[in-house]
Number of protein chains: 2
Amino acid sequence: METKIFRNFLGEKGLKPTKERIAVLSEVFSFHGHFDPEYLYLRIKDAGSKASRASVYRTLSLLVECGLVKKVTRTEKGNIYEHTYGHSHHDHMICDACGEIIEFYSEKLENLQDEICAENSFAGSTHTLEIRGHCKKCRTKQS
Amino acid sequence: METKIFRNFLGEKGLKPTKERIAVLSEVFSFHGHFDPEYLYLRIKDAGSKASRASVYRTLSLLVECGLVKKVTRTEKGNIYEHTYGHSHHDHMICDACGEIIEFYSEKLENLQDEICAENSFAGSTHTLEIRGHCKKCRTKQS
DNA sequence: AGTTAAATTGCAATTCAATCTCAGTTTCAG
DNA sequence: CTGAAACTGAGATTGAATTGCAATTTAACT
Ligand SMILES: [Mn+2]
Ligand SMILES: [Mn+2]
Ligand SMILES: [Zn+2]
Ligand SMILES: [Zn+2]
């Protein structure tokens with residue numbers, strides 16, 4: 001399904017569904033979780049496909065542009081992505097101690113944001129909410 | 001006042017309140033708004049003080065560490081900061097068309113986030129909410 | 001199937017914010 | 001004053017991300 005969406009997107013832009021692009025797409029949707037471009041590049045190699053780092057970066061941009069993938073955050077060491085197709089929107093809590101990422105979703109929170117946008121005559125299209133702190137595990141460990 | 005806080009912080013860490021560090025501090029608090037390290041570096045030079053780029057970067061880290069300054073976001077072109085001392089917490093809406101940054105605050109939103117953290121046994125300490133979309137001006141311009 | 005223009009690829013070169021190195025300089029406790 | 005420790009600036013370095021380009025691949029049209 002995501003393949004179909006991607007092919008459609010490429011077609012409309014006069015771009016071609018090359019093996020490399022499809023390899024990146026497949027790998028992105030072969031697992032659930034967050035990843036950076038380098039990790040993806042290595043996984044593609046492991047999987048027996050081939051795509052240069054340049055192609056991985058280039059394809060990742062296309063995937064973001066067509067909405068199948070989302071840039072989660074930007075760390076000191078580079079961008080973090082996740083595939084979004086097939087997953088509903090959510091935000092993140094990140095533990096400063098162990099790095100664990102907890103995903104959450106709140107209808108109330110989403111509605112409240114819409115209200116706030118309206119109050120400011122702002123047409124919000126996306127948002128990123130990142131709560132930092134300490135997870136349960138690291139919280140107890142501290143004592 | 002912020003000078004006092006910074007000097008205290010430095011003292012406790014066995015660091016010295018050099019002219020360069022104070023020049024960075026002063027410049028950071030000489031205006032209200034968002035800035036990147038390069039912009040700050042140039043402003044300091046304009047102001048007649050001197051501090052190398054290296055010192056600007058190094059001091060900025062210290063200011064963040066002691067809580068006087070906050071990293072607002074990380075763009076393609078680098079980090080964006082703002083001073084926080086003397087300003088209450090707020091979040092941002094960023095226009096994808098013109099780059100305008102609208103600051104907002106909602107008590108409800110903050111409380112809701114606390115609730116969500118509690119539900120997840122997460123001890124949240126900070127958060128960043130960035131809503132992207134189009135501001136009023138750019139919205140009308142589109143038609 | 002063959003031709004061809006346009007798109008794509010991978011590699012290496014490049015960019016650029018951020019960090020680091022280190023020799024000379026400054027600070028300040030004693 | 002003096003000296004050990006902290007600092008500084010200039011330039012080198014890093015590393016993620018982007019880009020130039022010659023060779024290759026794709027696919028639309030015979
Ligand atoms: Mn996620
Ligand atoms: Mn702000
Ligand atoms: Zn943790
Ligand atoms: Zn705008």
Side-chain angles (χ1 to χ4, degrees), chain A residues 3 6-28 34-45 47-66 69-81, chain B residues 3 6-28 34-66 69-82:
Chain A
T3 308
F6 192 40
R7 280 176 182 277
N8 252 38
F9 170 81
L10 291 175
E12 278 167 21
K13 296 202 76 176
L15 304 178
K16 294 169 180 174
T18 62
K19 334 181 204 356
E20 288 82 1
R21 283 177 179 155
I22 300 303
V24 173
L25 174 73
S26 306
E27 201 54 38
V28 164
H34 303 125
F35 63 90
D36 62 37
E38 181 66 14
Y39 175 71
L40 186 62
Y41 167 71
L42 294 175
R43 274 190 67 115
I44 289 168
K45 247 166 102 173
S49 311
K50 76 179 192 29
S52 66
R53 254 174 269 261
S55 287
V56 170
Y57 276 100
R58 288 190 279 232
T59 305
L60 227 28
S61 293
L62 291 173
L63 289 171
V64 169
E65 193 184 334
C66 85
V69 169
K70 184 167 165 294
K71 203 175 281 184
V72 173
T73 189
R74 194 182 283 271
T75 69
E76 317 297 317
K77 296 274 126 208
N79 293 327
I80 305 289
Y81 298 86
Chain B
T3 308
F6 192 40
R7 281 177 182 278
N8 252 36
F9 169 81
L10 292 175
E12 279 168 20
K13 297 203 75 174
L15 304 178
K16 293 168 181 174
T18 63
K19 334 180 203 353
E20 289 82 1
R21 283 176 179 156
I22 299 304
V24 173
L25 173 72
S26 305
E27 201 55 38
V28 164
H34 304 123
F35 62 90
D36 60 38
E38 179 67 13
Y39 175 70
L40 186 63
Y41 167 71
L42 294 174
R43 273 190 67 114
I44 289 168
K45 246 166 103 173
D46 272 4
S49 310
K50 77 178 192 25
S52 66
R53 255 175 270 261
S55 288
V56 170
Y57 276 100
R58 288 190 278 231
T59 306
L60 228 27
S61 293
L62 291 173
L63 289 172
V64 168
E65 195 185 332
C66 86
V69 169
K70 184 169 166 294
K71 201 176 282 184
V72 173
T73 188
R74 192 183 284 270
T75 69
E76 317 296 319
K77 297 275 127 210
N79 293 327
I80 305 289
Y81 298 85
E82 69 184 357

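Within every chain, numbering begins at 1; the chains are lettered A, B, ... in the order of the sequence lines, protein sequences first and strands thereafter. The shown structure was predicted, so the numbers you read here are calculated from the model rather than taken from an experiment.
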What's the closest nucleotide to the side chain of A/Glu20 if the choices are D/dA10, C/dT9, D/dT8? C/dT9
Are the side chains of A/Phe35 and A/Leu60 in contact, using a 4.5 Å heavy-atom criterion? yes
Does A/Ser52 place a side-chain N or O at less than 4.0 Å from the phosphate oxygens OP1/OP2 of C/dT9? no
Tell me: CD1 of B/Ile44 to P of D/dT8, nearest whole Å? 12 Å
Can you tell me the distance, in whole Å, between the CD atom of A/Glu76 and the C1' atom of C/dC20? 16 Å
Flag side-chain contact, heavy atom, 4.5 Å: B/Cys66 against B/Phe6: yes
Protein-nucleotide distance (B/Lys45, atom NZ; D/dG9, atom C1'), rounded to Å: 12 Å
If the cut-off is 4.0 Å, is B/Tyr57 near the phosphate of C/dA18, judged by side-chain N/O to OP1 or OP2? yes
Taken to the nearest whole Å, CZ/B/Arg74 to C1'/D/dA17 is 14 Å
Do B/Leu25 and B/Thr59 touch side chain to side chain, with heavy atoms closer than 4.5 Å? no
Base D/dG11 to side chain B/Arg53, donor-acceptor N/O within 3.5 Å cut-off: no
Figure out the CZ/C1' separation between B/Arg21 and C/dT26, and round it to whole Å. 12 Å
I want to check one thing: is the phosphate of D/dA17, taken as OP1 and OP2, less than 4.0 Å away from some side-chain N or O of A/Arg58? no
Taking the side chain as every heavy atom from C-beta outward, state whether A/Thr75 and B/Arg74 have any pair of such atoms under 4.5 Å apart. no
Listed pairs, N/O of protein and of nucleotides 26-30 of chain D, under 3.5 Å:
{"unit_1": "D/dT26", "atom_1": "OP1", "unit_2": "A/Lys19", "atom_2": "NZ", "d": "2.5"}
{"unit_1": "D/dT26", "atom_1": "O2", "unit_2": "A/Lys16", "atom_2": "NZ", "d": "3.1"}

Give a yes/no on whether any side-chain N or O of B/Asn79 is located under 4.0 angstrom from OP1 or OP2 of C/dA18. yes
Kindly determine whether B/Lys13 and B/Glu65 satisfy salt bridge (Lys or Arg N to Asp or Glu O under 4.0 Å), including the steps that lead there. CA-CA 11 Å; B/Lys13 297 203 75 174; B/Glu65 195 185 332; 2.7 Å; yes
Rounded distance (Å) that lies between atom C1' of D/dA16 and atom NZ of A/Lys71: 12 Å
Do A/Glu38 and A/Leu42 have side chains that approach each other closer than 4.5 Å (heavy atoms only, starting at C-beta)? yes
Is the shortest side-chain heavy-atom distance between A/Val56 and A/Glu27 below 4.5 Å? no
When the distance from OH of B/Tyr41 to P of C/dC16 is rounded to whole Å, what number comes out? 17 Å
What nucleotide, of D/dA10, C/dG10, D/dT8, holds the atom closest to the side chain of A/Lys50? C/dG10
Rounded to whole Å, CD1 of B/Ile80 lies from C1' of C/dA18 at a distance of 14 Å
